[in-house]
2 protein chains.
Amino acid sequence: MSERNALDTLKHYGIHPSVQRIAIMDYLLKHYTHPTVDEVYVSLCKDIPTLSKTTVYNTLRLFSEHGAAQMLTIDEKKICFDGNVTPHAHFMCRRCGKLLDVDLPEGAVDYLPESKEFRVEETHVYYKGICKSCAEKTDA
Amino acid sequence: MSERNALDTLKHYGIHPSVQRIAIMDYLLKHYTHPTVDEVYVSLCKDIPTLSKTTVYNTLRLFSEHGAAQMLTIDEKKICFDGNVTPHAHFMCRRCGKLLDVDLPEGAVDYLPESKEFRVEETHVYYKGICKSCAEKTDA
DNA sequence: TATTTGCATTGTAAACAATACAAATTTATA
DNA sequence: TATAAATTTGTATTGTTTACAATGCAAATA
């Protein structure tokens, strides 16, 4: 079922399927939690004990190059990946590092900067600040 | 002159001045080139031979925490810093990594997402794609 | 059915950025 | 001037990411 979805997604983005690629895509589609390479690796090792971390690195990079996933570099400490490639923004808490999905402002979806200097392929919007639970800790 | 500007900028953001902090801020204000820690370090070593790279790390982090500089995590390979803290977006070329300043779309400056879950302190907008010169290389 | 071909995967080694930490230095304050 | 506080320095260390060469695998061809 969601195996099927993973396979279809790979095909849709012109990515040759393999056991590892399907498993990684399946994980991304089931976990919209912005996982890191390590989180994906640790989780899939149970099912694919021979999995190499290098493969996870290569595969997630491949996905993002093909537009099948988004690479999030919001947190300077770690790179995260997002299987949700529909237009949306993110919020990261400065204190705890929590990463939340945020709706894009009206009209922002369609806007692209015009320039002869470059051709845009990806748009990223994110916010940094303090999340509710961290703010409450400070106030108390 | 621009020493003066650096000092004033530090004071304005409530940052205690020091020889190193003034020099680093001065560099940021004179080079809107999105330099990395290393670029700042190498350049300032000529004038301050005892400068430590750790100081550059600490100082640039301090600046960005106080809003006196922006930390750019667009390129997953390196963190860049921007002394221009007025609202603007960026473009990064996927091929060559070049980083350009881009005007923000109309109205975007004032927009902030509303949520009870967090309080926004920084907004980041950036685009990824292919720059003109890289596109020409491929076409040829 | 064998052989070839080429891409994918694996695992180790290495590069590198970033941090931790403690000693040294500088600056501020009594 | 003495004392305390803040800043800087430099080394050691951590941990993520990449490079690379060997291996595996599966489709295509003979």
Side-chain angles (χ1 to χ4, degrees), chain A residues 6-7 9-11 13-27 34-66 68-69 71-81 94-95 97 99, chain B residues 6-7 10-11 13-27 34-66 68-69 71-81 94-97 99:
Chain A
L7 180 59
T9 304
L10 293 182
K11 283 181 182 168
Y13 288 101
I15 297 168
H16 274 269
S18 73
V19 172
Q20 291 84 350
R21 289 174 179 180
I22 291 171
I24 292 169
M25 178 54 78
D26 186 56
Y27 185 90
H34 318 107
T36 62
V37 165
D38 199 62
E39 280 161 14
V40 175
Y41 171 72
V42 168
S43 178
L44 292 184
C45 268
K46 294 160 197 160
D47 299 320
I48 312 174
T50 63
L51 184 66
S52 164
K53 205 178 233 182
T54 302
T55 297
V56 182
Y57 270 102
N58 292 339
T59 302
L60 287 173
R61 172 171 296 274
L62 185 80
F63 287 0
S64 82
E65 280 167 2
H66 284 250
M71 189 192 297
L72 302 180
T73 56
I74 303 170
D75 188 339
E76 79 273 11
K77 288 181 177 57
K78 59 185 182 186
I79 299 173
C80 299
F81 290 86
R94 279 183 159 165
R95 299 262 167 80
L99 208 52
Chain B
L7 182 59
L10 293 182
K11 283 181 183 169
Y13 287 101
I15 298 168
H16 205 94
S18 74
V19 172
Q20 291 84 350
R21 289 174 179 178
I22 291 171
I24 292 170
M25 179 53 78
D26 186 56
Y27 185 90
H34 318 107
T36 62
V37 165
D38 200 63
E39 280 161 15
V40 174
Y41 171 72
V42 168
S43 178
L44 293 183
C45 268
K46 293 160 197 158
D47 298 320
I48 312 175
T50 63
L51 185 66
S52 164
K53 207 178 232 180
T54 303
T55 297
V56 183
Y57 270 104
N58 292 339
T59 303
L60 287 173
R61 174 171 295 275
L62 185 79
F63 287 0
S64 83
E65 280 168 1
H66 284 252
M71 189 193 297
L72 303 179
T73 56
I74 303 171
D75 188 339
E76 79 273 12
K77 288 180 178 57
K78 59 185 181 185
I79 299 173
C80 299
F81 290 87
R94 278 183 160 164
R95 299 261 167 80
C96 65
L99 209 53

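For the numbers below, each heavy atom of this structure counts, side chains included, while hydrogens, waters and symmetry mates do not.
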Given atom [atom1] of [X] and atom [atom2] of [N], what is their separation to the nearest angstrom?
| X | N | atom1 | atom2 | result |
| --- | --- | --- | --- | --- |
| B/Asp75 | D/dT16 | CG | C1' | 15 Å |
| B/Met71 | C/dA17 | CE | P | 16 Å |
| B/Lys53 | D/dA12 | NZ | P | 16 Å |
| A/Leu60 | D/dT16 | CG | P | 15 Å |
| A/Ile24 | C/dT10 | CD1 | C1' | 13 Å |
| A/Phe81 | D/dT17 | CZ | C1' | 11 Å |
| A/Glu65 | C/dA8 | CD | P | 12 Å |
| A/Leu51 | C/dG11 | CG | C1' | 12 Å |

Carboxylate-amine/guanidinium contact B/Lys78 B/Glu39, below 4.0 Å:
no
5' priority, DNA chain D, between B/Arg21 and B/Glu76 [closest heavy atom]
B/Arg21
Contact nearer the 5' end of DNA chain C, comparing B/His16 with B/Asp38:
B/Asp38
Between [options], spot the one nearest the side chain of [X], thanks.
| X | options | result |
| --- | --- | --- |
| B/Thr50 | D/dT9, C/dT10, D/dT18 | D/dT9 |
| B/Thr59 | D/dT8, D/dT9, C/dT9 | D/dT8 |
| B/Arg61 | C/dA28, D/dT9, C/dT19 | C/dT19 |
| B/Thr54 | C/dT10, C/dA8, C/dT19 | C/dT19 |
| A/Asn58 | C/dT10, C/dA8, C/dA20 | C/dT10 |
| B/Tyr57 | D/dT9, C/dA8, C/dA17 | C/dA17 |
| A/Ser52 | C/dG11, D/dT9, D/dT17 | C/dG11 |

Check whether any side-chain heavy atom of A/Leu99 lies under 4.5 Å from a side-chain heavy atom of A/Asp75, and answer yes or no.
no
I'd like to check A/Glu65 versus B/Arg94 (side-chain heavy atoms, cut-off strictly below 4.5 Å). Are they in contact?
no
B/Gln20 side chain N/O closer than 4.0 Å to the phosphate oxygens (OP1, OP2) of C/dT26?
no
Contact class for A/Thr55 vs. all strands (heavy atom < 4.0 Å): base, sugar-phosphate, or nothing?
base
Nearest 0.5 Å please: distance from the CD1 atom of B/Ile15 over to the OG1 atom of B/Thr59.
9.0 Å
Between atom CZ of B/Phe63 and atom CG of B/Leu10, what is the distance when rounded to the nearest 0.5 Å?
5.0 Å
